[in-house]
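Counting convention: from 1, in listed order, for ligands and their atoms alike.
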Amino acid sequence: NTALSASPGGKITVCVRKRPMSNSEKSRAESDIIETGRGMLSVHEDKKKVDLTKYIEEHRFYFDHVFSENDNNQLVYQSVVSPLVNKIFDGGNATCFAYGQTGSGKTHTMLDSREGLYILAGQDIFQRILSPQYKGIQAVVVFYELYLNDVYDLLNDRKKLHVREKANHNVCIKDIAEVSVASVNDLYSVFEYGNKNRRIGSTGANSESSRSHAVMQIQLRRPKGSNPIGHTIGKLSFIDLAGNERGADRGDSQNDHNTRREGSEINKSLLALKECIRALDMGKSHQPFRQSRLTLVLRDSFIGNSLCCMIATVAPNSSNCDHTLNTLRYADRVKSI
Ligand code: ADP
Ligand code: MG
């Protein structure tokens, strides 16, 4: 069934997920402007002519997968994430990103504590580790947050970490906490612990955490002789990106310096990400990793034997139309050409 597998041969899968209307959107009687079909999504934008007569402009996009508001995380997992788990058991690296405006469903998709893709992958991983074929393989978790240009360890009291680029160009995050997990329950507890350390301020969890990128990574290791660290087979990263609505170019005078800096860093990292993914797909050897901290720390997830899946998340309602179109245009440019 081709509908349930990632695009064959390709290193990148680009998909879109539409979330359901929220209760408050329903109570404001907002209209649902997004229609989904097989691999297709269409946005019906309300517009006005110069004489103020209304009309609807239709924007159509095609992606590897389009998930409707009725599709759950389990379906998303089966369709686009299980190939990533295959990849890491096969000695490669894999990355899954959620990209979209704040409130569009990134965290629900990636890092919902009980049903996010990270835990569905964990179920799959631990089931395999139990089989004789993969006997002895161990799983280790790292969980960190990137805010402005800094890396914070969510599994070690938000300790600020240093990124080192070694002579062989390998990039490492020095002294990051690596926590062994032996079961789905372990993974869940470690996640819950780290998630409490996410950037949360007085203005509410979502608005604050939406300014940082969160990276939860599951590494598979094979114990190798007396080496206590073991030999990494593959790693799978789940990345809940910062909200893409904070454009640096908005020139909003009410934004303070820090907010503008946040916007510009987020923009820079999302642009670098797009360029790195495209370079990866075109098999280019020189990829613009150094353009942002985000792409630098993910460098070895992109090179060599790797797979990548981007899930662009969109809200269905009319007042988010501009943000939705921005998200879809970005995802469209990430697609292979
Ligand atoms: P983001 O992380 O992009 O800011 P969230 O994941 O926090 O957005 O989603 C915003 C709200 O919408 C949350 O209450 C979440 O539970 C809900 N939501 C998002 N996507 C879905 C979905 N596919 N199905 C049901 N509820 C969803
Ligand atoms: Mg979120």
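Closest heavy-atom approach to atom 2 (O) of ligand 1 within the set V76, V314, T102, T107: this belongs to T107.
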**OP:** For side-chain contact (heavy atoms from CB on, under 4.5 Å), just list the numbers for T102 and E245, CA-CA rounded to whole Å, side-chain angles, deciding distance to a tenth of an Å, and then say yes or no.
**Re:** CA-CA 7 Å; T102 300; E245 69 279 3; 2.4 Å; yes
Original post:
Would R19 and S104 satisfy side-chain hydrogen bond (donor to acceptor under 3.5 Å, both in side chains), going step by step from the backbone distance to the final call?
Top reply: CA-CA 7 Å; R19 72 154 165 78; S104 59; over 6 Å; no
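Judged by the shortest distance from any of its heavy atoms, Q101 lies inside the 4.0 Å radius around the atoms of ligand 1. By the 4.0 Å heavy-atom criterion, S104 is counted among the residues contacting ligand 1. Every heavy atom of K18 sits 4.0 Å or more from the atoms of ligand 1. Using a 4.0 angstrom heavy-atom cutoff, G103 counts as in contact with ligand 1.
Considering both main-chain and side-chain atoms, H108 comes within under 3.5 Å of ligand 1 through a nitrogen or oxygen pair.
Here the side chain of Q138 pairs no donor or acceptor atom with the backbone of S180 at under 3.5 angstrom.
By the criterion of side-chain heavy atoms lying less than 4.5 angstrom apart, applied directly or through intervening Ile, Leu, Val, Met, Phe, Trp or Tyr residues, L271 is not grouped with V334; the two fall into different hydrophobic clusters. A single hydrophobic cluster is not seen to contain both I88 and L130; linkage of ILVMFWY side chains at heavy-atom distances under 4.5 Å, directly or through other members, places them apart.
Close approach to K106 involves these atoms of ligand 1, each under 4.0 Å from a residue heavy atom: 1 (P), 2 (O), 3 (O), 4 (O), 6 (O), 8 (O). Close contacts between ligand 1 and R17 involve ligand atoms 23 (N) [criterion: under 4.0 Å to a heavy atom]. Of all the atoms in ligand 1, the ones that sit under 4.0 Å from a non-hydrogen atom of R19 are 12 (O), 19 (C), 20 (N), 21 (C). For ligand 1, the atoms closer than 4.0 angstrom to any heavy atom of P20 are 21 (C), 22 (C), 23 (N), 24 (N), 25 (C).
Between Y99 and Y330, the ring planes lie parallel to each other; the angle is under 30°, not in the 30° to 60° tilted range.
Looking at residues two or more places apart in sequence or on another chain, you find a side chain to side chain contact (heavy atoms under 4.5 Å, CB included) between L325 and V43, E45, H59, F61, C321, R329. Residues passing the side chain to side chain contact (heavy atoms under 4.5 Å, CB included) test with P288, sequence neighbours excluded: E275, C276, A279, Q291.
Put simply, T102 stays out of reach of the Mg ion (ligand 2), with no N, O or S atom under 2.8 Å from it.
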